[in-house]
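Working notes for the structure below.
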Amino acid sequence: MPESPLALVTGASRGIGASVARALAPAYRVLLGGRDVDALADQAAETANAEPWPVDLSDLDGVRGAVAGIDRLDVLVHSAGTAELGTVEQAAPSAWRQNFEVNVVAVAELTRLLLPALRAAHGHVVIINSGQGLSARAGWGPYAASKHAVRAFADALRDEEPGIRVTSVYPGRTDTEMQQAIIAGEGREYAPAQYLRPDSVAAAVLSAVTASPDAHISDVSIRPRPH
Ligand code: NAP
C-alpha cells in the first residue's frame with residue numbers, strides 16, 4: 001500500500017494548530033510541531049497517524065536539525081505564533097522582536113529549508129495569519145506588523161513558486177489559550193461563544209488543501225459569528 005502523504009503542522013500542541021492536525025490526520029501522516037513535549041504526546045495519542053515533532057522554532061539550528069530527513073512534504077501549515085500586544089507608546093523593542101522572530105522569521109526559514117521537499121510533492125503551504133494581517137487596530141501594532149509581514153512573505157512565495165500552492169488564512173478572534181490571554185490583558189470577561197471555534201478555522205484550511213488541483217485558494221478571511 002502506498003504511504004500516506006505527509007503534513008507538518010506547527011503550533012499543533014494546542015489551539016488552532018491542534019485542530020488543523022486532527023482535520024488532516026484522516027488523509028495525511030501528520031508531524032505535530034510545538035515545544036511542549038507532554039502536550040504533543042497527548043495530541044499524538046488522540047490523533048491517529050500523527051507523531052510529535054518537538055522543536056523551538058526560534059532556535060534555527062534546532063529547526064535545521066529537525067527538518068533533516070524530510071525529503072517530500074505535501075502540506076506545511078504554519079500555525080505556531082505569538083501575540084505580544086501594546087500601543088506604539090507602550091511596546092518595547094523586545095515585543096516587536098518576539099512577534100517578528102516567531103511569526104515571520106521562523107515561518108520564512110522553516111519554509112526555505114523545506115522548499116526542496118515541497119517542490120518534490122507539488123505541495124501546499126498554509127499560513128495562519130490574522131485579521132490583524134489585513135488591517136491593524138490600536139494596541140495591536142507589534143503583532144499586526146508581523147502578520148502584515150507574513151502576508152507579504154506568502155504573496156512573494158506564491159509568485160516565486162508556481163508549483164506550490166500558498167494559502168493565507170485570516171481568522172478573527174478564536175477560542176484558544178492565546179485569545180484567553182488577550183482578553184485577560186484587555187481586562188474583559190472571556191466569552192467563548194463570541195469567538196470562532198478552532199475547528200472552524202481547521203475546516204477552512206482543509207477546504208483550501210483539498211481544493212481541486214486547478215484551483216489555488218490564495219486568501220481566506222473568517223470572521224466570528226457569535227453563537
Ligand atoms: P495558542 O493557543 O497560543 O497556540 C500557539 C501554538 O504555537 C502552540 O502550539 C505553541 O506551542 C506554538 N508556539 C509558539 N511559539 C513557538 C515557538 N517558538 N516554537 C514552536 N512552537 C511555538 O495560539 P492559537 O490561538 O492556536 O494561534 C495559532 C495561530 O493563529 C497563530 O499564528 C495566531 O497568531 C493565529 N491567530 C489566532 C487567533 C486567535 O484569536 N486565537 C486569531 C487570529 C490568528 P508550544 O507552547 O508547545 O511551544
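Whatever order the structure lists them in is the order used to number ligands and atoms, beginning at 1.
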**Item:** Non-hydrogen atom of T10 closer than 4.0 Å to ligand 1
**Value:** no

**Message:** Quick check: do Y170 and K147 have side-chain heavy atoms less than 4.5 Å from each other?
**Reply:** no

**Request:** Heavy-atom contacts with S130 under 4.0 Å: which atoms of ligand 1 show up? List them by number with element.
**Result:** 43 (C), 44 (C)

**Asked** Can you tell me the protein heavy atom closest to atom 23 (O) of ligand 1 and the distance?
**Response** M178 CB, 3.5 Å

**Request:** Any chance you could measure D74, atom CG, to L118, atom CG, to the nearest 0.5 Å?
**Result:** 8.5 Å

**Request:** May I ask you to list the atoms of ligand 1 that are less than 4.0 angstrom from any heavy atom of I16?
**Result:** 26 (O), 30 (O), 37 (C)

**Asked** Taking the six-membered ring for Trp, are Y190 and Y195 parallel (under 30°), tilted (30 to 60°) or perpendicular (over 60°)?
**Response** tilted

**Item:** Proximity winner for atom 38 (C) of ligand 1, if only heavy atoms of D59, L57, D175, T174 are counted
**Value:** T174

**Message:** According to a hydrophobic-cluster definition based on side-chain heavy atoms being under 4.5 Å apart (Ile, Leu, Val, Met, Phe, Trp, Tyr only), do V107 and L8 belong together?
**Reply:** yes

**Prompt:** Is the closest heavy-atom distance from K147 to ligand 1 below 4.0 Å?
**Reply:** yes

**Prompt:** Do W53 and L40 have side chains that get closer than 4.5 Å, going by heavy atoms?
**Reply:** no

**Message:** Is T82 close enough to touch ligand 1? Criterion: a residue heavy atom under 4.0 Å from a ligand atom.
**Reply:** no

**Asked** Does the distance from a Lys or Arg side-chain N to an Asp or Glu carboxylate O, for R137 and E186, drop under 4.0 Å?
**Response** no

**Prompt:** E177 heavy atoms, cut-off 4.0 Å: which ligand 1 atoms fall inside?
**Reply:** 2 (O)

**Fill in**
In ligand 1, the atoms that come under 4.0 Å of a heavy atom of G15 are 2 (O), 26 (O)

**Prompt:** When hydrophobic residues are tied together by side-chain contacts of less than 4.5 Å, even through go-betweens, does V75 share a cluster with I128?
**Reply:** yes

**Item:** Minimum-distance protein heavy atom relative to atom 15 (N) of ligand 1
**Value:** R35 NH2, 3.3 Å

**Item:** Min N/O separation V102 to ligand 1 under 3.5 Å
**Value:** no

**Fill in**
protein heavy-atom neighbour closest to atom 42 (C) of ligand 1 works out as G172 O, 3.2 Å

**Item:** Min side-chain heavy-atom separation H124-I164 under 4.5 Å
**Value:** no

**Asked** Which ligand 1 atoms are under 4.0 Å away from a heavy-atom of Y143?
**Response** 33 (C), 34 (O), 35 (C), 36 (N), 44 (C)

**Prompt:** In terms of residue, atom name and distance, what is the protein heavy atom nearest to atom 31 (C) of ligand 1?
**Reply:** S79 O, 3.2 Å

**Request:** Answer yes or no for A39: is there a heavy-atom contact with ligand 1 below 4.0 Å?
**Result:** no

**Request:** Determine the minimum heavy-atom distance between A23 and L206, stating which atoms define it.
**Result:** O-CD1, 3.8 Å

**Asked** Can you tell me the protein heavy atom closest to atom 47 (O) of ligand 1 and the distance?
**Response** S13 OG, 2.7 Å

**Asked** Given A181, G11, S19, which has its nearest heavy atom closest to atom 6 (C) of ligand 1?
**Response** G11

**Request:** Identify, for atom 1 (P) of ligand 1, the protein heavy atom at the shortest distance, and state residue, atom and that distance.
**Result:** R14 NH1, 3.2 Å

**Request:** Using a strict 4.0 Å threshold on nitrogen-to-oxygen distance, state whether R29 and E51 make a salt bridge.
**Result:** yes

**Asked** About how many Å separate CD of Q43 and CG of D36, when rounded to the nearest 0.5 Å?
**Response** 10.0 Å

**Request:** Kindly indicate, with the supporting measurements, whether the criterion salt bridge (Lys or Arg N to Asp or Glu O under 4.0 Å) is fulfilled by R64 and E109.
**Result:** CA-CA 9 Å; R64 269 188 288 280; E109 180 61 359; 3.5 Å; yes

**Asked** Taking the minimum heavy-atom distance to atom 7 (O) of ligand 1, which of A80, P171, A106, G34 ranks first?
**Response** A80

**Item:** Shared hydrophobic cluster, L115 / L57 (ILVMFWY, side-chain heavy atoms < 4.5 Å)
**Value:** yes

**Request:** Group every Ile, Leu, Val, Met, Phe, Trp and Tyr by side-chain heavy-atom contacts under 4.5 Å, then state whether V9 and V125 land in the same group.
**Result:** no

**V30-I70 co-clustered via ILVMFWY side chain contacts under 4.5 Å** = no

**Prompt:** Under 3.5 Å, N or O to N or O, is R173 touching ligand 1 that way?
**Reply:** no

**Message:** Please determine whether any non-hydrogen atom of L196 lies less than 4.0 Å from an atom of ligand 1.
**Reply:** no

**Sub-4.0 Å atoms of ligand 1 with respect to non-hydrogen atoms of I128** = 29 (C), 30 (O), 32 (O), 35 (C)

**Message:** Just to check, does V55 reach to within less than 4.0 Å of ligand 1 when the distance is taken from its heavy atoms?
**Reply:** yes

**Any Y195 heavy atom less than 4.0 Å to ligand 1** = no

**Item:** Nearest neighbour of atom 18 (N) of ligand 1 from the list D56, I222, T176, N129, on a heavy-atom basis
**Value:** D56

